[in-house]
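For reference, the structure is listed below as structure tokens.
Both ligands and their constituent atoms are indexed starting at 1 by order of listing.
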Amino acid sequence: MIRTLDDLDAEGVAVGVRIDINSPVSGGELADDARLRAHVDTLAELLDCGARVAILAHQGRPGGDDFARLAAHADRLDELLDHPVDYCDATFSSAARDRVAALDVGEAVVLENTRFYAEEYMEFEPERAADTHLVRGLAPALDVYLNDAFAAAHRSQPSLVGFPTRLPSYAGRVMERELDVLGAIEETPTPRVYVLGGAKVGDSIGVARSVLERDLADTVLTAGVIGNVCLLAGGAELGDATAEFVYDAGYWDEIDRAGDLLDAHDEIAVPEDVAVERDGDRHEVAVADLPAEIDAPAMDVGSRTIATYGEIIENAGTVILNGPAGVFEEEPFAEGTRGLYEAATRAEQSIVGGGDTAAAVRQLGLDGFDHISTGGGAALTLLTGDALPAVEALR
Ligand SMILES: Nc1ncnc2c1ncn2[C@@H]1O[C@H](COP(=O)(O)OP(=O)(O)O)[C@@H](O)[C@H]1O
Ligand SMILES: O=C(OP(=O)(O)O)[C@H](O)COP(=O)(O)O
């Protein structure tokens with residue numbers, strides 16, 4: 001059983017709270033604060049109850065452009081919460097422990113990016129993670145540990161799986177909500193339609209296979225790069241530009257896997273038409289008219305596909321959307337994502353999962369979904385039926 005905030009009397013308690021505020025960063029500034037806002041309920045509830053809150057989080061990956069300090073994150077949380085949120089440039093040293101010890105009730109401090117320490121970017125079994133410098137160093141300053149970082153729950157890293165061996169541990173409100181919705185997919189209304197788009201082709205093939213074999217999906221609609229790969233697997237001649245894109249992205253081997261999947265499951269639909277750029281505009285090509293002259297990559301599904309898929313989606317009991325239907329970042333190729341996602345808001349129940357997918361929803365100003373997951377990889381792991389290490393550690 002996983003304990004939640006309902007089981008915690010937080011008055012005066014030093015709570016180590018792992019959140020996922022990994023966000024796009026530009027010039028040291030936060031380019032998007034959606035993941036910070038997602039944790040406001042959990043943090044406010046703790047602080048309102050008089051907890052002393054030490055926040056643990058990562059930002060980016062070592063060597064990446066967005067591998068940054070958490071000072072800007074602390075400033076933004078300070079603005080979002082009615083309680084003071086400070087920043088400390090240490091994570092588990094005596095400076096960090098002293099800062100946590102000095103917290104007053106109803107105060108929070110954001111400790112430095114956990115991934116500034118090499119062990120945090122490695123995967124461990126929980127017992128071994130409990131023995132890392134980060135966990136051994138910080139645990140004495142904490143009374144309890146609370147994990148709200150659903151979006152990182154597929155990682156078996158020390159700050160995510162190491163503390164429950166040493167401290168009484170709890171799930172936060174984000175974690176609770178995500179597990180309630182995504183962990184109970186089999187109880188949602190049918191017919192259940194999965195719309196798989198985006199660019200993580202291997203993951204999408206894995207999800208499609210898993211949900212069909214486990215009878216979780218009645219229909220799988222493919223779009224985005226995975227839709228193009230399925231079209232190529234079926235022999236559609238989409239032109240050299242699309243083939244090159246798929247090859248350069250390293251997905252050529254996935255064409256055979258997609259072909260095997262399509263042979264095994266006739267519940268999978270592929271696009272009827274695609275959109276390419278021609279003379280700076282969107283130009284649609286019907287798959288039935290191929291081979292045709294196409295000198296640009298397929299960047300979106302076409303309007304016939306939007307209509308056919310849209311009807312299936314709005315008549316669904318539950319629609320699960322993962323991955324945009326096209327290159328939504330460019331306006332002419334946002335049509336597929338907009339059309340299919342708007343149709344999803346008319347289904348009985350709609351669930352959106354994926355980092356870029358959630359960004360697309362915000363960018364296109366779409367509204368009316370029943371659940372927008374904070375997680376990409378974590379949501380996919382759960383939807384595929386695999387356990388999340390950080391959740392298992394809480395158990
Ligand atoms: N036809 C396409 N060609 C190239 N890129 C695409 C296409 N369709 C979608 N994409 C890209 O896929 C990316 C998002 O995919 P992905 O990372 O799998 O989503 P998520 O993070 O939601 O799981 C977006 O940047 C989008 O531009
Ligand atoms: O952004 C995240 O995951 P996501 O890209 O799957 O949504 C999490 O913060 C995990 O980050 P990671 O994929 O660098 O371990």
Side-chain angles (χ1 to χ4, degrees), residues 18-25 32 34-36 38-39 57-64 66-67 113-115 120-123 148-157 159-160 174 178 195-207 222-232 238 241-246 248-249 251 271 274-277 282 296-302 305 320-337 340-341 352-363 372-383 388-390:
R18 178 58 160 101
I19 58 178
D20 190 320
I21 46 177
N22 185 27
S23 308
V25 171
D32 182 71
R35 278 189 166 165
L36 288 83
H39 292 290
H58 74 276
Q59 170 61 54
R61 297 176 177 182
D66 56 357
F67 190 48
N113 187 346
T114 53
R115 288 190 180 169
E120 178 69 358
Y121 203 52
M122 297 165 75
E123 304 254 328
D148 209 27
F150 172 77
H154 54 317
R155 306 290 180 216
S156 196
Q157 293 162 348
S159 71
L160 292 153
V174 171
E178 296 274 16
V195 185
L196 300 179
K200 293 179 196 132
V201 173
D203 287 348
S204 295
I205 291 176
V207 172
T222 62
V225 183
I226 171 72
N228 293 344
V229 168
C230 286
L231 284 171
L232 292 171
L238 287 177
T242 299
E244 265 166 39
F245 177 92
V246 169
D248 290 345
Y251 295 137
V274 295
V276 300
E277 188 180 321
R282 177 184 169 98
M299 305 250 274
D300 195 9
V301 293
T305 309
I320 295 117
L321 301 151
N322 180 258
V327 184
F328 70 93
E329 296 91 339
E330 294 180 33
E331 184 48 36
F333 304 104
E335 262 181 45
T337 305
L340 301 189
Y341 281 44
V352 178
D356 283 291
T357 310
V361 165
R362 284 195 298 280
Q363 186 185 310
I372 301 178
S373 177
T374 51
L380 278 179
T381 304
L382 207 53
L383 291 173
L388 295 169

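- A heavy-atom distance below 4.5 Å is found between the side chains of P324 and T357.
- At a heavy-atom distance under 4.0 Å, only side-chain atoms of N228, from C-beta outward, approach ligand 1.
- Under a 3.5 Å cut-off, the side chain of T222 and the backbone N or O of G227 do not form any donor-acceptor pair.
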Working for side-chain contact (heavy atoms from CB on, under 4.5 Å), residues E123 and Q157:
CA-CA 5 Å; E123 304 254 328; Q157 293 162 348; 3.7 Å; yes
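- Using a 4.0 angstrom heavy-atom cutoff, F245 counts as in contact with ligand 1.
- Judged by distance alone, with hydrogens and angles left aside, the side-chain atoms of R115 form a donor-acceptor pair with the main-chain N or O of G60 at under 3.5 Å.
- Of the protein's non-hydrogen atoms, the one nearest atom 10 (N) of ligand 1 is G326 O, 3.9 Å.
- Atom 11 (O) of ligand 2 has as its closest protein heavy atom H58 NE2, 3.4 Å.
- Considering only heavy atoms from C-beta on, H58 comes within 4.5 Å of R18 through its side chain.
- Counting only distance, with no hydrogens or angles, the side chain of S373 and the backbone of V352 share no donor-acceptor pair below 3.5 Å.
- The G198 neighbourhood of ligand 1 comprises atoms 12 (O), 15 (O), 18 (O), with distances under 4.0 Å to a heavy atom of that residue.
- Ligand 2 has R115 within reach: a non-hydrogen atom of the residue lies less than 4.0 Å from it.
- No donor-acceptor pair closer than 3.5 Å links the side chain of E277 to the backbone N or O of A296.
- By the 3.5 Å distance cut-off applied to N or O atoms, N22 is counted among the residues near ligand 2.
- Nearest protein neighbour of atom 5 (O) of ligand 2, counting heavy atoms only, is R35 NH2, 4.8 Å.
- In this structure, G197 falls outside the shell of residues with a heavy atom less than 4.0 angstrom from ligand 1.
- The shortest distance between side-chain heavy atoms of F150 and L382 falls below 4.5 Å.
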Could you walk me through whether S23 and R35 pass the side-chain hydrogen bond (donor to acceptor under 3.5 Å, both in side chains) check?
CA-CA 7 Å; S23 308; R35 278 189 166 165; over 6 Å; no
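- Among V225, V276, T242, V201, the residue whose heavy atom sits closest to atom 3 (N) of ligand 1 is V225.
- The distance criterion of under 3.5 Å between nitrogen or oxygen atoms is met by G377 with respect to ligand 2.
- Counting the atoms of ligand 1 from 1 in the order shown, those under 4.0 Å from a heavy atom of M299 are 1 (N).
- Nearest protein heavy-atom neighbour of atom 22 (O) of ligand 1: T357 OG1, 2.4 Å.
- Among L238, T242, V201, the one residue that satisfies the side chain to side chain contact (heavy atoms under 4.5 Å, CB included) test with V229 is V201.
- Annotation for ligand 2: atoms under 4.0 Å from non-hydrogen atoms of G376 are 6 (O), 7 (O).
- No side-chain donor-acceptor contact under 3.5 Å links D300 to the backbone of A275.
- Checked against a 3.5 angstrom limit, the closest N/O atoms of A199 and ligand 1 fall inside it.
- At a 4.0 Å cut-off, not a single heavy atom of Q157 sits close enough to ligand 2 to count as contact.
- The N/O atoms of A298, backbone and side chain alike, include one that comes under 3.5 Å of an N/O atom in ligand 1.
- The E329 neighbourhood of ligand 1 comprises atoms 24 (C), 25 (O), 26 (C), 27 (O), with distances under 4.0 Å to a heavy atom of that residue.
- Looking at atom 12 (P) of ligand 2, its nearest protein heavy atom turns out to be R61 NH2, 3.4 Å.
- Atom 19 (O) of ligand 1 has as its closest protein heavy atom D356 CB, 3.6 Å.
- Those atoms of ligand 2 that come under 4.0 Å of a heavy atom in D20, given as number and element, are 8 (C), 9 (O).
- Atoms of ligand 2 found under 4.0 Å from any heavy atom of R155 (numbered from 1 in listed order, with element): 12 (P), 13 (O), 15 (O).
- Between the side chain of Y341 and the main chain of L321, no donor-acceptor pair closer than 3.5 Å is present.
- Taking CG of D148 as the start and CD1 of I19 as the end, the distance is 7.5 Å to the nearest 0.5 Å.
- Looking at ligand 1, you'll find an N or O of K200 within less than 3.5 Å of one of its N or O atoms.
- Within the structure, ligand 1 lacks G376 among the residues with a heavy atom less than 4.0 angstrom away.
- Side-chain contact between F67 and R61: absent, with no pair of heavy atoms (C-beta onward) separated by less than 4.5 Å.
- Between the side chain of H39 and the backbone N or O of D20 there is at least one donor-acceptor pair closer than 3.5 Å.
- The residue from G375, A151, G354 that puts a heavy atom closest to atom 3 (O) of ligand 2 is A151.
- Less than 4.0 angstrom separates atom 1 (O) of ligand 2 from at least one non-hydrogen atom of the protein.
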